[in-house]
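If you're wondering where the values come from, they're calculated on a predicted model, not measured in any experiment.
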Amino acid sequence: LEYIDTHNPLLLAFKKTDVNTGKNVWVIANFSHYDTIFPDWIVGFNRKVKNLLNDETFNLLKDNYIGSYSVLWLQDITE
């Protein structure tokens, strides 16, 4: 488990590596009652990710939005 300093006291991020598959999951949690921007460098620039909580896939941009009091579980699916 690796803590990631987001430089935002209301945004928690950490990375967990599955010991069986070696795949990483980044968990990003917004503790603000406002939508918040999180930077792409948390996971990696220009990456395609899947949110494991709802199966949504999207490309990370330089700045990405996370809803108020929301949590993302992101897995890199870039080919």
- line: One should read off an interatomic distance between Arg47 CZ and Phe45 CZ, to the nearest 0.5 angstrom, of 10.5 Å

field: side-chain hydrogen bond (donor to acceptor under 3.5 Å, both in side chains) pairs, two or more places apart, involving residues 3-13
entry: none

task: With sequence neighbours excluded, tell me which residues meet salt bridge (Lys or Arg N to Asp or Glu O under 4.0 Å) with Asp55.
output: Lys50

- prompt: What is the distance from atom CG of Asp40 to atom NZ of Lys62, rounded to the nearest 0.5 Å?
  reply: 8.5 Å

query: What closest approach, in Å, do Val71 and Ala29 show between heavy atoms, and which atom pair accounts for it?
result: CG2-CB, 4.1 Å

Considering all heavy atoms, the nearest Gly22-Thr17 contact: O-CG2, 3.8 Å

- prompt: Are Val25 and Ile77 connected in the hydrophobic side-chain network, where two residues link if heavy atoms are under 4.5 Å apart?
  reply: no

message: Using the side chain to side chain contact (heavy atoms under 4.5 Å, CB included) criterion, which residues pair with Asp18? Sequence neighbours excluded.
response: Asn20, Thr21

- request: Before giving the answer on side-chain contact (heavy atoms from CB on, under 4.5 Å), spell out for Ile37 and Tyr65 the whole-Å C-alpha distance, their side-chain angles and the decisive distance to 0.1 Å.
  value: CA-CA 5 Å; Ile37 293 174; Tyr65 287 92; 3.5 Å; yes

message: The criterion is salt bridge (Lys or Arg N to Asp or Glu O under 4.0 Å); which residues satisfy it with Asp35, sequence neighbours excluded?
response: none

field: Donor-acceptor contact present, side-chain Asn30 to main-chain Gly67, <3.5 Å
entry: yes

field: Connected-component partners of Ile66 among ILVMFWY, side-chain separation under 4.5 Å
entry: Ile4, Leu11, Trp26, Ile28, Phe38, Trp41, Ile42, Val43, Val49, Phe58, Leu60, Leu72, Leu74

Asn46 side, atom CG; Asn59 side, atom CG - distance, nearest 0.5 Å: 6.5 Å

- line: Across all chains, not counting sequence neighbours, the side-chain hydrogen bond (donor to acceptor under 3.5 Å, both in side chains) partners of Thr57 are none

field: Main-chain N/O of Lys48 paired to Thr78 side chain as donor or acceptor, under 3.5 Å
entry: yes

- prompt: Quick one: do Val27 and Leu1 end up in the same hydrophobic cluster if we chain Ile, Leu, Val, Met, Phe, Trp and Tyr together by side-chain heavy atoms under 4.5 Å apart?
  reply: yes

CD on Glu2 to CZ on Phe14, rounded to 0.5 Å: 11.5 Å

- request: Look up atom CG in Leu10 and atom OG in Ser68, then write down how far apart they are to the nearest 0.5 Å.
  value: 12.0 Å

